[in-house]
Number of protein chains: 2
Amino acid sequence: MGVETNQSGPIGRPRGFDADEALERAMLVFWKHGYEGASTACLTNAMGISTTSMYAAFGNKEKLFRKVLERYTEGPSAYLVRAMEEPTALGVATAILSGVVRTTTRPAHPHGCLGVQGALTVSDSGQEVRDLLVAWRNDGYSRVRERFQRAVDDGDLPPQTDPGLLARYLTTFAFGIAVQAASGVGRDELQEMADAALRNWPLS
Amino acid sequence: MGVETNQSGPIGRPRGFDADEALERAMLVFWKHGYEGASTACLTNAMGISTTSMYAAFGNKEKLFRKVLERYTEGPSAYLVRAMEEPTALGVATAILSGVVRTTTRPAHPHGCLGVQGALTVSDSGQEVRDLLVAWRNDGYSRVRERFQRAVDDGDLPPQTDPGLLARYLTTFAFGIAVQAASGVGRDELQEMADAALRNWPLS
DNA sequence: CTCCTTCTGCAGCGATCGCTGCAGAAGTGC
DNA sequence: GCACTTCTGCAGCGATCGCTGCAGAAGGAG
């Protein structure tokens, strides 16, 4: 602490690459190949840096993936937080599903969801990353459930509604969309299906 | 061809293990770890045989996986064919979803669906297996769509029903259940959710 | 018994895995 | 200029990957 201006840059040799840009490239590789399917050689090649630079900047492969997952959550998957702010539960559900459909079928990005296909199954050495994504998906479910609970409390949803069941239904459908997108199913078909699914809300 | 009785056993040294039992063990390993997450060492260890015996009996890792997928289709995933024989479309949908729930949450088996988590993402060298599972999932969808088309033709479903949309909805939901099961969500909760989803049929 | 075929155990192939030691390059502070 | 810190390129670490050559074992055919 102090009044020192400290306008000088960081000490030492400056980085020869844009860490943010490198992280973006790494995200695309993990997104497409999954955690264990993306080798360090494949990653660093896409990032345009050497393995040494990658390890100096991000620690190791697992830490790089955690950074990537944060970026994914705040970037491609940010539709989730925005959807929570919709005034009605139906609005939330609609925004989530259309957000999933758009994010998992964007032409410029790998198809599917990083949080689903990043590490659905792993070898023995990848358990921690698998658990990380399990927690990531469960966290999404919890947020939706709490939002629907609030909707029940506010009278937006019928009082006998089970928010957990509704949240499980919605996230299950979202994960299913991610699998379909990863299989190459087109955006329009998925959106049409999501629309049809929400024509019955909230589940009779 | 001829009238030779040929009652003698096969020529050469007989196999020292039960190929069917070995295939079952391999299925469980692929189911849990996925195609690329299951190393040959892990597989052969579980199968109780040497790598040489595995290669002699099944060709290579990819051919072993194809054999395993066949076994999975006719075993744990056989509920699909049985469901098709239900008299009504609603019966088909109900049977499929409850079949998915039971198969993906069986305590004695890995959680989730081999056809989904077997190779949702792969490295460059695993593309063919990924494509194999994409085709496997698409085949499931096609069978359901054709069954629902028949239901429309028979008057079981309203004439304005889109069988493709309905089949896409059902398979999406099924794949989502597989992801949830792989994440540790319990059987009862998933079944309750499936029941609620089918309370609205056929999608308004 | 000898031939023939097939299967098994051992040992190890080249390639790739994630990761690191080291020396030099490229900056700042003095 | 020199000291100090950080980053980079090269080269290579031990481990594991999928897979195979080879010699011997274990059966049937004659």
In whole Å, what is the span from the [atom1] atom of [X] to the [atom2] atom of [N]?
X: B:Phe58; N: D:dC19; atom1: CZ; atom2: C1'; value: 16 Å
X: B:Asp18; N: C:dC7; atom1: CG; atom2: P; value: 14 Å
X: A:Ile11; N: D:dC4; atom1: CD1; atom2: P; value: 11 Å
X: A:Met47; N: D:dT8; atom1: CE; atom2: P; value: 11 Å
X: A:Phe65; N: C:dG18; atom1: CZ; atom2: C1'; value: 16 Å
X: B:Lys63; N: D:dC19; atom1: NZ; atom2: P; value: 10 Å
X: A:Leu43; N: C:dT16; atom1: CG; atom2: P; value: 16 Å
X: B:Leu64; N: D:dC19; atom1: CG; atom2: P; value: 10 Å

Taking only Lys NZ, Arg NE, NH1 and NH2, and the carboxylate oxygens of Asp or Glu, determine whether B:Asp139 and B:Arg143 approach each other closer than 4.0 Å.
yes
Could you tell me whether A:Asp20 and A:Arg71 have a side-chain N and a carboxylate O separated by less than 4.0 Å?
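Salt bridge: yes.
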Judged by each residue's nearest nucleotide on DNA chain D, which is more toward the 5′ side, B:Glu62 or A:Arg15?
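Nearest-nucleotide comparison on DNA chain D picks A:Arg15.
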Result for 5'-nearest mapping on DNA chain D, choosing between B:Tyr35 and B:Gly12, is B:Tyr35
Side chain of [X] only, heavy atoms from C-beta on: which candidate in [options] is closest?
X: A:Thr51; options: C:dG18, C:dG9, C:dT20; answer: C:dT20
X: A:Ser39; options: C:dC19, C:dC17, D:dT8; answer: C:dC17
X: B:Ala41; options: C:dA26, D:dC17, D:dC19; answer: D:dC17

Short side-chain N/O contact from [X] to OP1 or OP2 of [N], under 4.0 Å:
X: A:Thr52; N: D:dG9; answer: no
X: A:Ser50; N: D:dG9; answer: yes
X: A:Ser53; N: D:dT8; answer: yes

Evaluate the ring planes of A:Trp136 and A:Tyr72, with Trp represented by its six-membered ring, and classify them as parallel (under 30°), tilted (30 to 60°) or perpendicular (over 60°).
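Ring orientation, 0 to 90° scale: tilted.
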Taking everything shown except A:Lys61 itself, do over 12 heavy atoms lie less than 6.0 Å from its NZ?
yes
B:Phe65 and B:Leu114: CA distance, side-chain angles, deciding distance, side-chain contact (heavy atoms from CB on, under 4.5 Å) verdict
CA-CA 11 Å; B:Phe65 184 81; B:Leu114 174 65; 4.1 Å; yes
Classify A:Ala38 by what it touches in the nucleic acid, base, sugar-phosphate, or nothing, heavy-atom distance under 4.0 Å.
sugar-phosphate
